[in-house]
Structure formats: structure tokens, C-alpha cells
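See below for the structure under consideration.
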There are 2 protein chains.
Amino acid sequence: MPIDYAKESELLKALAHPVRLRMVEGLLGRECNVNKMVKALGLPQSTVSQHLGILKSRGIVRIRKEGVKTCYRINDDRIAALIKLLGK
Amino acid sequence: MPIDYAKESELLKALAHPVRLRMVEGLLGRECNVNKMVKALGLPQSTVSQHLGILKSRGIVRIRKEGVKTCYRINDDRIAALIKLLGK
DNA sequence: GATATATATCGTATTATTACGATATAACGA
DNA sequence: TCGTTATATCGTAATAATACGATATATATC
């Protein structure tokens, strides 16, 4: 399958940040709401939300609303394999 | 193996550019000198050289000198699998 | 409706990346 | 040594990404 360089480089760019990489790895196999991530990461809420927005806009994650909470989960099938590759 | 987020996000950042992604894919399985890439990509020589420098500094490619020519080739075993993943 | 909680968005200063012409360096052949 | 070819580096203007406080919005509870 021919690669869409512009599109796939956007995907990689979204993952190419230490905080987002950590977020994505943390979301493998389980969903998580924003507040939990804020606490786990020790970063300002606005910063975490901004990073999540980037991951969402690239289709890497998607959300599920649960009352007032927003639960994020992985939405791209390739992510798990990609993260696994990085650990080698 | 636990991921070094800073290190691996640097790897992804180096790949997260349409031109560099195209370069890397073009180098899968075969080496190529700078001038050939300049012609193939239709970009200024300084631009191509700058991108190659980024790929090299992250260990994604390495070089072999052949007289005046510099031949670039893939140097990271994970790259082929990563590119393959992107095409899915 | 008032309040508290969860999250998103805005504004913006700082820092990083990009593109590319100009210039430098290095190897080769005449 | 000169000229040519191949490549790297420099300088820099333009653009993009980042961090994060302030603020807005939405939902639940009382």
C-alpha cells in the first residue's frame, strides 16, 4: 500500500512528544479520564488537555463521555504494534 | 522493555516529516547517494542534506563514503517494520 | 438556581523547526 | 594547480510547536 507521506507524518508528529508517547502507552488496552492522567503525569490540566486534543485530532485516540468525565482510549489499530516496536 | 520516552520521541520526530518519511522509505533495502535523492525529490541540495543530517543524527541512517559520493542507508532495524505498519 | 467538579479553549511568550540561498570543504581528473 | 562535482554547513526569515495561567463550558448535586 503506498504511503500518504503527509498524512502519516502527521501521525508520527502527534506521537513524537515524550508526554504524548507516555500518554498513549498508558492508554494501551485501557481507557482513562483526563483527571487521572493529570495526576499521573503531574502536569497542568490545560497542558494535558492540549496534548489529548492533538492525539484526538489525528485519530490516535477517541473519547467516551461518562457524565462529567471524558474517557480517552486508543483508536488506531497500528498504535499498539508501533509502541511495541519502539521498545525493541 | 520500558520505553525511553525522550529518546523514542526523538526518533519519531525525525521521521515525522513528509520529506524524511519519503527518503527513509526510498532507502529501504538499498543505499542511495545525496545527488540521486536531490534529483528524485526535486528539492534544493542544501535542504536534502539538512534532512539527511537529521536522520543521521538520530541513528536512523548511516553513511558510506565512495570517493566524492556519500551513500546513505538505513541503520535502525525497526525502521522497515515501522514503515510497513504505516502502510496498513 | 448555586456550587463544585471535570474538561476544553484562549492568549501568548518562548522555543524549535523549516526552507533555502550562499558559502565552505573535500575528492577527483585534466 | 585548476576546474568540476559532491556534499555539508551557515545564516536567517518564516512558520510551527510548546507550556501554562486564565477563562469558558458542561454536568452533576444540593
Side-chain angles (χ1 to χ4, degrees), chain A residues 4-27 30-75, chain B residues 4-27 30-75:
Chain A
D4 180 334
Y5 303 108
K7 186 153 179 283
E8 302 308 334
S9 66
E10 284 299 307
L11 174 82
L12 294 177
K13 193 155 57 172
L15 293 172
H17 187 287
V19 168
R20 292 195 294 269
L21 204 49
R22 200 173 150 199
M23 284 176 156
V24 166
E25 196 202 20
L27 287 173
R30 68 198 150 206
E31 66 175 20
C32 187
N33 64 58
V34 183
N35 239 330
K36 276 205 275 185
M37 287 192 252
V38 167
K39 281 166 189 156
L41 295 167
L43 290 170
Q45 180 269 317
S46 65
T47 301
V48 171
S49 191
Q50 190 181 38
H51 282 304
L52 285 169
I54 289 169
L55 292 173
K56 183 156 169 283
S57 73
R58 309 306 213 281
I60 294 170
V61 300
R62 72 189 153 105
I63 63 172
R64 180 179 66 85
K65 292 279 193 173
E66 189 176 273
V68 52
K69 306 206 177 157
T70 308
C71 302
Y72 281 79
R73 78 173 71 179
I74 300 294
N75 184 51
Chain B
D4 181 335
Y5 301 108
K7 185 155 179 282
E8 301 309 333
S9 67
E10 282 299 308
L11 173 82
L12 294 177
K13 192 155 58 172
L15 293 172
H17 188 288
V19 167
R20 291 195 293 268
L21 204 49
R22 200 173 151 199
M23 282 175 157
V24 166
E25 196 202 20
L27 287 174
R30 69 198 148 205
E31 66 175 21
C32 187
N33 65 58
V34 183
N35 238 330
K36 275 204 275 185
M37 289 191 251
V38 168
K39 279 165 190 157
L41 295 166
L43 291 170
Q45 180 268 319
S46 64
T47 300
V48 171
S49 191
Q50 190 181 36
H51 282 302
L52 286 170
I54 289 169
L55 293 173
K56 184 156 168 279
S57 72
R58 308 311 210 280
I60 294 169
V61 300
R62 73 190 152 103
I63 64 171
R64 181 178 66 86
K65 293 280 195 174
E66 189 176 273
V68 276
K69 307 207 176 155
T70 308
C71 301
Y72 282 79
R73 76 173 74 179
I74 300 295
N75 184 52

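Remember, predicted model here, so these are calculated numbers, not experimental data. Chain naming here is simple, since letters A, B, ... match the order of the sequence lines and numbering starts at 1 in each.
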Would you say the side chain of B/Val24 lies within less than 4.5 Å of the side chain of B/Ile74, judging by non-hydrogen atoms?
yes

Could I get the full list of salt bridge (charged side-chain N to carboxylate O under 4.0 Å, His left out) partners for B/Lys69, not counting sequence neighbours?
none

Hey, where on DNA chain C does chain A first and last touch, going 5' to 3'? Cut-off is any atom under 4.0 Å from a heavy atom.
C/dT5 to C/dT9

Identify, with sequence neighbours excluded, every residue that meets salt bridge (charged side-chain N to carboxylate O under 4.0 Å, His left out) alongside A/Arg58.
A/Glu10

Report the residues that fulfil salt bridge (charged side-chain N to carboxylate O under 4.0 Å, His left out) with A/Glu25, sequence neighbours left out, ordered by chain and then residue number.
none

Kindly compute the distance separating CG (A/Leu27) from CZ (A/Arg22), expressed to the nearest 0.5 Å.
12.0 Å

Got a sec, which residues hit side chain to side chain donor-acceptor pair (under 3.5 Å) with B/Asn35, two or more places apart in sequence or on another chain?
none

Do A/Tyr72 and A/Lys56 have side-chain heavy atoms sitting under 4.5 Å apart?
yes

Any residue of residues 36-62 of chain B with a heavy atom less than 4.0 Å from an atom of DNA chain D
B/Gln45, B/Ser46, B/Ser49

Would you be so kind as to tabulate the donor-acceptor pairs closer than 3.5 Å made by side chains of residues 40-54 of chain B, with sequence neighbours excluded?
{"unit_1": "B/His51", "atom_1": "ND1", "unit_2": "B/Arg20", "atom_2": "NH1", "d": "3.0"}

Does B/Arg64 have any side chain to side chain contact (heavy atoms under 4.5 Å, CB included) partners at least two apart in sequence or in another chain, and if so, which?
B/Glu31, B/Glu66, B/Cys71, B/Arg73

Residues within residues 65-75 of chain B bordering DNA chain C, heavy-atom distance below 4.0 Å:
B/Gly67, B/Val68

Kindly state which residues belonging to residues 10-23 of chain B come within less than 4.0 angstrom of DNA chain C, counting heavy atoms of the residue only, listed by number.
B/Lys13, B/His17, B/Arg20

Restricting to side chain to side chain contact (heavy atoms under 4.5 Å, CB included), what partner residues turn up for B/Lys7, sequence neighbours left out?
B/Asp4

Sequence neighbours left out, what pairs pass salt bridge (charged side-chain N to carboxylate O under 4.0 Å, His left out) with at least one residue falling in residues 36-48 of chain B?
none

Any B/Asn35 side-chain N or O less than 4.0 Å from OP1/OP2 of D/dT5
no

